[in-house]
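These notes are about the structure you will find just below.
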There are 4 protein chains.
Amino acid sequence: MVSTIQPLAEKDNAAIVELYKKVRAQTMQIVAPLEIEDYVVQTAEFMSPPRWHLGHTSWFFETVLQSYQSGYKAYSEDYLFYFNSYYEGFGPRMERAKRGTKSRPTVKETLSYRSRIDELMLEFLEQLPLHAQSDSILFLIRLGLEHEMQHQELLVYDIKHLLNDQYAGEIRPAPAPAEKVSGMVEIEGGLFRLGYSGSGFAFDNEKPAHQVFLQDFALDRAPVSNGEFLEFILARGYQDYRWWFSDGWEVIAKEQWKAPLYWELHDGAWIIRDFSGLHSAESKANEPLSHVSYYEASAFAKWAGKRLPTEAEWEKAACSASDRNRIQTFPWGDVAVDASKANLFENRHWSVTPIGAFPEGQSEYGCHQMIGDVWEWTSSDYSPYPGFKSEIDEYNDKWFINQRVLRGGSFATPQLHIRSTYRNFFHPNERWMVSGLRCAKDI
Amino acid sequence: MVSTIQPLAEKDNAAIVELYKKVRAQTMQIVAPLEIEDYVVQTAEFMSPPRWHLGHTSWFFETVLQSYQSGYKAYSEDYLFYFNSYYEGFGPRMERAKRGTKSRPTVKETLSYRSRIDELMLEFLEQLPLHAQSDSILFLIRLGLEHEMQHQELLVYDIKHLLNDQYAGEIRPAPAPAEKVSGMVEIEGGLFRLGYSGSGFAFDNEKPAHQVFLQDFALDRAPVSNGEFLEFILARGYQDYRWWFSDGWEVIAKEQWKAPLYWELHDGAWIIRDFSGLHSAESKANEPLSHVSYYEASAFAKWAGKRLPTEAEWEKAACSASDRNRIQTFPWGDVAVDASKANLFENRHWSVTPIGAFPEGQSEYGCHQMIGDVWEWTSSDYSPYPGFKSEIDEYNDKWFINQRVLRGGSFATPQLHIRSTYRNFFHPNERWMVSGLRCAKDI
Amino acid sequence: MVSTIQPLAEKDNAAIVELYKKVRAQTMQIVAPLEIEDYVVQTAEFMSPPRWHLGHTSWFFETVLQSYQSGYKAYSEDYLFYFNSYYEGFGPRMERAKRGTKSRPTVKETLSYRSRIDELMLEFLEQLPLHAQSDSILFLIRLGLEHEMQHQELLVYDIKHLLNDQYAGEIRPAPAPAEKVSGMVEIEGGLFRLGYSGSGFAFDNEKPAHQVFLQDFALDRAPVSNGEFLEFILARGYQDYRWWFSDGWEVIAKEQWKAPLYWELHDGAWIIRDFSGLHSAESKANEPLSHVSYYEASAFAKWAGKRLPTEAEWEKAACSASDRNRIQTFPWGDVAVDASKANLFENRHWSVTPIGAFPEGQSEYGCHQMIGDVWEWTSSDYSPYPGFKSEIDEYNDKWFINQRVLRGGSFATPQLHIRSTYRNFFHPNERWMVSGLRCAKDI
Amino acid sequence: MVSTIQPLAEKDNAAIVELYKKVRAQTMQIVAPLEIEDYVVQTAEFMSPPRWHLGHTSWFFETVLQSYQSGYKAYSEDYLFYFNSYYEGFGPRMERAKRGTKSRPTVKETLSYRSRIDELMLEFLEQLPLHAQSDSILFLIRLGLEHEMQHQELLVYDIKHLLNDQYAGEIRPAPAPAEKVSGMVEIEGGLFRLGYSGSGFAFDNEKPAHQVFLQDFALDRAPVSNGEFLEFILARGYQDYRWWFSDGWEVIAKEQWKAPLYWELHDGAWIIRDFSGLHSAESKANEPLSHVSYYEASAFAKWAGKRLPTEAEWEKAACSASDRNRIQTFPWGDVAVDASKANLFENRHWSVTPIGAFPEGQSEYGCHQMIGDVWEWTSSDYSPYPGFKSEIDEYNDKWFINQRVLRGGSFATPQLHIRSTYRNFFHPNERWMVSGLRCAKDI
């Protein structure tokens with residue numbers, strides 16, 4: 001599974017054990033308020049039942065045991081089939097759209113499986129320093145934990161699609177905006193070093209760091225807000241072909257989209273439904289827009305006389321101009337994240353926060369909330385960087401087509417998981433994730 | 001909902017209360033062995049989650065309360081939406097294929113709903129003799145109980161599709177065959193009175209009884225067995241267009257059918273999976289074939305040089321030649337059913353029984369197991385009888401197209417629910433119900 | 001191809017040669033006004049390009065030559081592939097929906113093929129009396145000519161779908177109604193002999209004649225008119241679920257049907273487009289309704305408080321009560337058809353004629369225009385008669401499912417081709433043929 | 001239609017008239033060998049009937065007359081509907097997939113329309129110097145001619161799909177290879193000016209020219225050949241998921257692709273069908289591969305241990321390193337194209353030519369046949385260049401999603417139409433155009 005082994009910094013066994021426990025526990029916290037019924041239902045083809053995530057993330061670690069623990073016997077052949085997601089290299093698997101058609105393994109059985117894998121992994125980790133391939137294994141474990149954090153975010157999306165305001169978890173109130181943020185910043189072009197070049201963990205698709213040449217550009221200081229998007233709707237933006245790509249125009253006709261996902265029209269007024277209930281769109285006017293597809297994001301930008309930024313433009317604006325070493329960890333170091341600077345999962349708001357709520361987290365260029373709140377669509381196709389080398393089979397490379405890059409993480413992203421070089425990707429018609437945008441402009 | 005009110009015999013209030021309790025309790029017995037997860041999963045578009053059946057059968061009684069209990073307030077608007085099946089007259093409803101996309105109401109909430117409806121119904125029934133429309137109401141209650149028995153049978157199908165040999169309910173062993181049954185009986189044609197003319201409960205689609213003229217014909221003494229159908233498979237019957245209707249030939253190509261549902265090919269041998277486990281087809285050779293579509297049933301008959309009977313032929317063969325009053329209740333009276341005569345749900349075999357297991361239940365013409373074991377496909381289109389009058393809106397009449405009649409009930413049919421005049425109906429490509437056949441022949 | 005050989009009356013070789021020439025020539029007359037472009041275009045999946053009909057009807061005769069002319073070599077392997085319609089027994093073939101994706105063979109090449117087959121057939125027919133299997137061959141030739149007449153009617157449908165009022169053929173004006181026809185006739189039930197028992201040509205699906213028992217019934221004296229159907233439309237019949245089968249309700253929603261095929265809404269008024277141009281529905285109010293599906297026909301009947309007749313009811317009403325020999329040829333003998341009695345293809349109206357236009361053609365019961373004008377939907381499923389024996393492989397028997405019987409022929413049916421026992425059949429959602437209805441009622 | 005007017009060099013009226021006549025005549029030469037039937041058939045959803053191209057290219061000029069010729073009346077409202085392709089701004093239009101369902105207007109009528117538009121255009125062009133908006137109009141006329149040249153190429157694709165080796169046009173024999181071409185060239189990275197900056201005609205999507213930064217890379221000296229691709233097929237490349245994007249793996253499974261379009265397996269040997277007949281793949285081993293999708297192109301490259309070039313890499317390799325002014329016209333000036341240097345439409349080979357056939361046309365870096373023969377897939381998403389300004393509504397900008405850039409033109413591209421900066425684009429699953437590839441590599 002590992003084609004190229006990277007030397008890893010985290011060789012301290014205690015640290016990896018602690019991280020393992022912490023990440024695995026966080027998954028369980030997310031699902032804790034669910035009823036048994038909630039674990040097994042699949043609301044749409046692109047969604048997965050929560051119980052599946054619990055099993056699949058454990059399956060990932062079981063594949064490590066299968067590869068590196070001599071004499072390991074599979075926990076259950078059925079589980080290997082059911083909990084594989086899309087890896088051709090690991091044999092046949094359940095069709096994605098059918099994940100919600102099976103009631104077994106039960107939640108209890110899945111949790112037993114999960115516990116058993118945890119036991120075995122912790123035993124395995126104890127012996128790890130003696131293992132001849134400890135570097136490869138450490139890499140895979142870190143990968144498995146990053147993978148699990150990705151699924152934590154997906155769990156939030158899936159639970160939102162399933163329950164939304166019926167979810168019974170604790171939600172911490174969002175902070176008030178500390179200042180008003182508006183307008184654009186102008187950023188000089190020229191050569192820019194795009195991608196990850198640090199020594200911590202990063203996905204292969206963020207590497208290698210390499211020179212690109214940028215033109216001068218301007219970028220919004222804040223993400224596009226619900227209020228701005230409501231203007232687009234009221235200006236009949238969904239009814240005017242001029243703002244839309246041809247493919248997008250077809251999608252909104254076929255799906256009959258008239259607003260972002262989770263917006264509902266009640267007696268002529270737009271309402272946004274989220275984990276904390278129903279809100280008038282007006283009352284959320286100063287919050288970042290979310291749950292729009294790439295088609296809607298680019299239509300809005302065109303209507304506003306702007307455009308989406310490329311991912312290089314976004315990354316440049318997010319990072320320090322003077323200190324390239326800060327690229328990888330913006331605006332914090334690898335370890336010490338200060339939750340007062342961005343709205344990430346650990347803040348437990350389960351929601352976007354008002355624009356201007358995190359003034360200390362702004363980039364040197366003055367852009368707010370680039371990290372956290374909402375993933376921001378860029379105009380960049382999801383392609384390999386020049387010099388790309390796949391480090392993990394079938395993880396990132398087989399998706400390098402038909403998708404767009406999103407940047408910056410959302411309120412559902414664990415803080416350890418995000419970087420300013422992080423490249424997320426979705427198809428242009430998808431909008432069940434926490435996706436918004438920020439506009440750019442040629443100058 | 002009732003367009004024509006029928007005078008009812010069962011005016012004894014105590015009896016209806018007892019029947020209500022008994023039928024409602026039987027539904028709960030079927031689901032008792034399920035895990036919570038099993039209640040909410042939908043395995044295919046044509047299936048429903050067991051929790052939905054619990055709610056829907058209660059919803060039926062709630063519509064009675066809504067119509068006849070003055071001042072009644074709906075238990076929950078959401079439940080009205082979710083638990084309606086297909087009644088346009090009762091407002092909007094959840095799309096059938098989406099019944100498995102909701103985890104709420106939970107099983108517990110659904111059971112509370114069910115209990116509350118039972119409480120209210122029992123109170124309502126106590127006051128019933130005083131009600132000005134007691135006849136209409138009694139009819140609806142009986143209808144609701146028949147409806148519930150239909151759903152008990154559907155529950156068995158759905159649980160089989162979901163769990164099959166993983167279902168943990170108690171299964172009573174099937175009796176041994178008492179005699180060998182083979183060959184055909186010859187039955188004289190002439191005028192025959194088709195349909196229900198008794199004074200008990202029967203659906204509007206079984207009425208009115210009316211004259212039809214039959215040609216002489218022969219009918220198999222026993223249902224087609226797994227052994228006979230295995231011969232058809234081995235003779236490459238699924239690969240020879242000559243036996244198939246054009247539409248059927250397309251269906252088996254598209255669905256890649258090579259055998260009945262629940263037959264699996266293990267190392268070159270056909271295996272049948274049922275509630276009690278996996279069995280070689282050979283070991284089940286003397287049992288009635290089940291889970292075939294109309295296409296497969298008619299292809300087999302053509303291959304065998306025979307044909308399917310019409311429903312009139314079937315009914316004539318099932319009933320007494322001398323005593324037309326016995327038509328309606330074959331071979332028992334309305335009330336006293338003797339479980340030694342047919343394999344119905346109360347026998348709790350959860351399976352077909354060997355051919356020849358119920359010699360006392362044979363018809364006067366010598367046909368065995370016409371009632372119970374498997375529903376038998378007839379060649380008759382599901383159409384209204386001449387003089388048909390709809391008694392219940394949207395219950396039977398809106399389905400009078402594109403379906404075929406099946407007769408006789410199955411091991412999953414409650415004994416009170418079945419009659420020799422009962423007309424069940426499915427589309428020709430359906431086979432998830434317990435459907436088999438018996439061949440006829442011109443003479 | 002012939003499973004059972006019928007002794008034939010037409011042994012006069014000159015007569016069969018003359019019939020062959022006449023029928024083949026009539027096909028060419030229909031297509032004569034077409035432009036080359038019209039011959040090759042397929043307007044919908046269920047349609048065929050006219051050039052395909054020319055080739056396919058010739059292919060039919062080529063299969064006769066292949067079977068009975070020793071040493072015969074196929075004209076072209078490609079043509080065998082392209083011009084086969086659906087006969088599995090004759091090898092692979094072009095998918096129906098793709099008939100319009102080929103420009104070759106050209107029209108000229110197809111006509112050469114047709115001419116060559118005609119030459120060979122006429123030579124073959126000359127030698128026929130000497131042939132050992134002349135009876136079988138004569139049957140097939142007659143069948144081939146009946147087949148060709150079926151395709152003549154299909155050609156009219158296809159040309160209407162393609163060109164409608166742009167078709168440049170000569171159209172003879174329709175006669176004026178000779179009398180006003182309204183109301184219903186009452187017809188006594190009892191035993192009735194259904195099906196063909198004469199000695200002329202009839203399809204296997206019309207045989208054997210057999211007893212059926214009918215209840216008393218009433219039948220409309222005239223087909224339902226455009227004016228009556230317009231009332232149904234204006235009464236919002238397409239918007240009221242109560243009149244529709246569940247399947248029909250889905251079809252009209254999906255297809256967005258609001259009126260019969262070829263009805264167009266121009267500035268709030270319904271217009272009917274036919275071969276002679278555009279007409280207000282009002283101006284056609286007294287003409288038989290056409291181009292409705294079974295769903296629309298039965299919805300109308302239900303709305304009108306009536307029902308569709310069974311095919312046995314229809315046939316009884318169409319035939320003489322006293323003279324069963326007239327059943328087969330109603331109301332004329334096999335040969336001498338008097339075009340003043342019914343609106344059939346030879347009248348060259350290319351349209352329905354007003355109700356009451358053919359008083360001499362009324363049946364003994366007083367029903368008008370049962371033959372000609374429009375095919376009439378019956379409520380009968382298309383199934384084999386008791387005692388049915390297939391005479392021709394894959395011609396009628398593989399369609400005995402999912403279709404309804406229509407009776408009586410239309411203005412596009414050649415007179416030699418129609419009989420009162422003739423059973424036409426289409427799926428309930430089809431309406432591109434000239435299909436109307438006449439209502440019945442229980443009495 | 002013109003949002004930004006560009007000053008044009010071609011103000012000589014005689015020259016534009018001559019160009020108009022020449023381009024319009026060339027379209028007619030392509031269709032001259034067709035039969036009438038060939039003009040109206042649509043072979044697949046993505047294809048158009050040739051008669052439609054004749055009308056559509058004329059419709060384009062009619063929109064110019066409508067905008068700039070005062071008092072102009074539409075030739076036919078029906079034609080406006082039928083011959084519009086996808087321009088929302090020009091009102092409703094025929095669905096693309098239905099272009100083959102109409103036989104009218106006939107070919108003759110379409111040619112009359114075409115002639116009439118030519119007459120009117122030539123009159124209009126005579127008066128053009130006096131027109132107040134002559135610059136805008138000249139731009140639109142040039143655009144109309146470029147548009148027509150695009151459709152000339154599409155006509156070749158459509159005729160190939162329809163007729164292939166049945167096309168009766170004259171085909172000039174391909175030249176023999178002048179030298180053996182193999183291996184890769186290494187090209188230094190650094191800043192590169194991408195895009196068009198000349199003063200001739202270029203599409204808005206080629207502009208503005210702008211700096212990009214390239215890494216060092218290597219590029220194949222020749223396009224991938226049929227022989228090389230045959231090795232990939234024989235190495236079971238279509239059966240190994242490791243070479244494929246996930247989306248591509250699904251496409252080849254669904255479409256059952258085992259080789260490029262127009263490759264056929266005859267008795268175990270691969271045959272390529274083209275305009276000149278059937279050829280063994282071996283006999284075509286030294287010719288550029290064509291008719292592969294992006295999925296197949298990138299799978300091949302991955303299997304070969306290489307990758308596809310970006311469009312910037314491709315353009316740099318195609319152009320002179322020393323003389324940036326030659327970028328736009330490679331390797332000839334705007335007017336004087338020397339047909340000995342590249343295989344373009346005017347060579348009339350109707351086919352690719354052997355690798356090495358055009359040594360004089362090689363780029364300064366030593367890459368052969370970059371212009372002509374086959375369009376080469378690049379890994380670049382089809383997106384606007386930084387600073388892009390739309391010059392023509394709905395022409396290029398509404399397609400900036402879900403497509404990949406191809407470069408260099410093919411044997412079906414008119415020489416006037418191609419430039420080394422030209423950006424063609426197709427979806428990754430398309431392969432009906434003349435599409436091949438050339439591999440790159442990181443160094």
Side-chain angles (χ1 to χ4, degrees), chain A residues 86-89 189-194 208 210-217 240-251 294-295 298 302 307-310 312-313 379-390 393-394 397-405 427-429 440 442-443, chain D residues 3 86-89 189-194 208 210-217 240-249 251 294-295 298 302 307-310 312-313 379-390 393-394 397-405 427-429 440 442-443:
Chain A
Y86 57 67
Y87 298 92
E88 305 278 348
L191 287 172
F192 171 70
R193 192 162 177 79
L194 176 69
H210 62 285
Q211 299 273 40
V212 297
F213 187 87
L214 300 180
Q215 322 301 316
D216 298 345
F217 68 102
D240 191 336
Y241 73 88
R242 290 176 301 156
W243 317 127
W244 299 85
F245 292 126
S246 181
D247 290 3
W249 188 241
E250 276 180 32
V251 166
Y294 182 78
Y295 294 126
S298 54
K302 193 171 182 191
R307 61 170 172 81
L308 295 177
T310 64
E313 289 170 341
S379 64
S380 294
D381 176 61
Y382 178 55
S383 298
Y385 284 163
F388 168 79
K389 284 193 186 22
S390 178
D393 288 345
E394 297 192 72
D397 55 352
K398 77 183 202 183
W399 308 112
F400 280 137
I401 187 70
N402 298 332
Q403 312 211 41
R404 296 275 145 174
V405 173
H427 294 93
N429 63 328
D442 297 322
I443 52 177
Chain D
S3 52
Y86 56 69
Y87 298 92
E88 305 279 347
L191 287 172
F192 171 71
R193 192 163 176 80
L194 176 69
H210 61 286
Q211 298 274 40
V212 298
F213 187 87
L214 300 181
Q215 322 301 315
D216 298 344
F217 67 103
D240 192 337
Y241 73 88
R242 290 176 302 156
W243 317 129
W244 298 84
F245 292 125
S246 181
D247 290 3
W249 188 240
V251 165
Y294 181 78
Y295 294 127
S298 54
K302 193 172 182 190
R307 61 169 173 82
L308 295 177
T310 63
E313 288 170 342
S379 65
S380 295
D381 176 61
Y382 178 57
S383 297
Y385 284 163
F388 168 79
K389 283 192 186 23
S390 178
D393 288 345
E394 297 191 71
D397 55 352
K398 78 182 202 183
W399 309 113
F400 280 136
I401 188 69
N402 297 331
Q403 312 211 40
R404 295 276 145 174
V405 173
H427 295 94
N429 62 328
D442 297 323
I443 51 177

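The sequence lines fix the lettering, A, B, ..., with proteins before strands; numbering per chain opens at 1. Note that the structure is a prediction, hence the values are computed from the model and not measured.
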Counting only non-hydrogen atoms closer than 4.5 Å, does [X] touch chain D with its backbone (N, CA, C, O), its side chain (CB onward), both, or neither?
X	result
Trp244(A)	backbone
Ile443(A)	neither
Tyr295(A)	side chain
Ser383(A)	side chain

Legend entry - Residue, of His427(A), Arg307(A), Glu394(A), Lys302(A), that accumulates the most heavy atom pairs under 4.5 Å with chain D: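 Option with the top pair count is Glu394(A).
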Inset, instruction - Between chain D and each of Arg242(A), Glu313(A), Gln215(A), His210(A), count heavy-atom pairs under 4.5 Å; write down the option with the most. - result: Gln215(A)
Legend entry - Nearest-0.5 Å distance that lies between atom CG in Asp247(D) and atom CG in Asn402(A):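 Reported value, rounded in 0.5 Å steps: 5.0 Å.
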Legend entry - Interatomic spacing from CH2 in Trp249(D) to NZ in Lys398(A) - rounded to 0.5 Å: 10.0 Å
Inset, instruction - Only counting residues at least two apart or in another chain, list the ones meeting ring pair (Phe, Tyr, Trp, His ring centres under 6.0 Å) with Phe400(A). - result: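 With neighbours one apart ignored, the set is Tyr382(A), Phe388(A).
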Inset, instruction - Walk me through it: do Leu191(A) and Leu191(D) pass the test side-chain contact (heavy atoms from CB on, under 4.5 Å)? - result: CA-CA 9 Å; Leu191(A) 287 172; Leu191(D) 287 172; 4.2 Å; yes
Inset, instruction - Report yes if the side chains of Ser246(A) and Tyr86(D) come closer than 4.5 Å at any heavy-atom pair, otherwise no. - result: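 No - every pair of side-chain heavy atoms lies 4.5 Å or more apart.
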Inset, instruction - Before giving the answer on side-chain contact (heavy atoms from CB on, under 4.5 Å), spell out for Phe245(A) and Asp397(D) the whole-Å C-alpha distance, their side-chain angles and the decisive distance to 0.1 Å. - result: CA-CA 8 Å; Phe245(A) 292 126; Asp397(D) 55 352; over 6 Å; no
Legend entry - salt_bridge(Asp381(A), Arg404(D)) N-O dist < 4.0 Å: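 Counted as a salt bridge, because a side-chain N and a carboxylate O are separated by less than 4.0 Å.
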Legend entry - Part of Phe217(D) within contact of chain A (heavy atom distance under 4.5 Å): neither
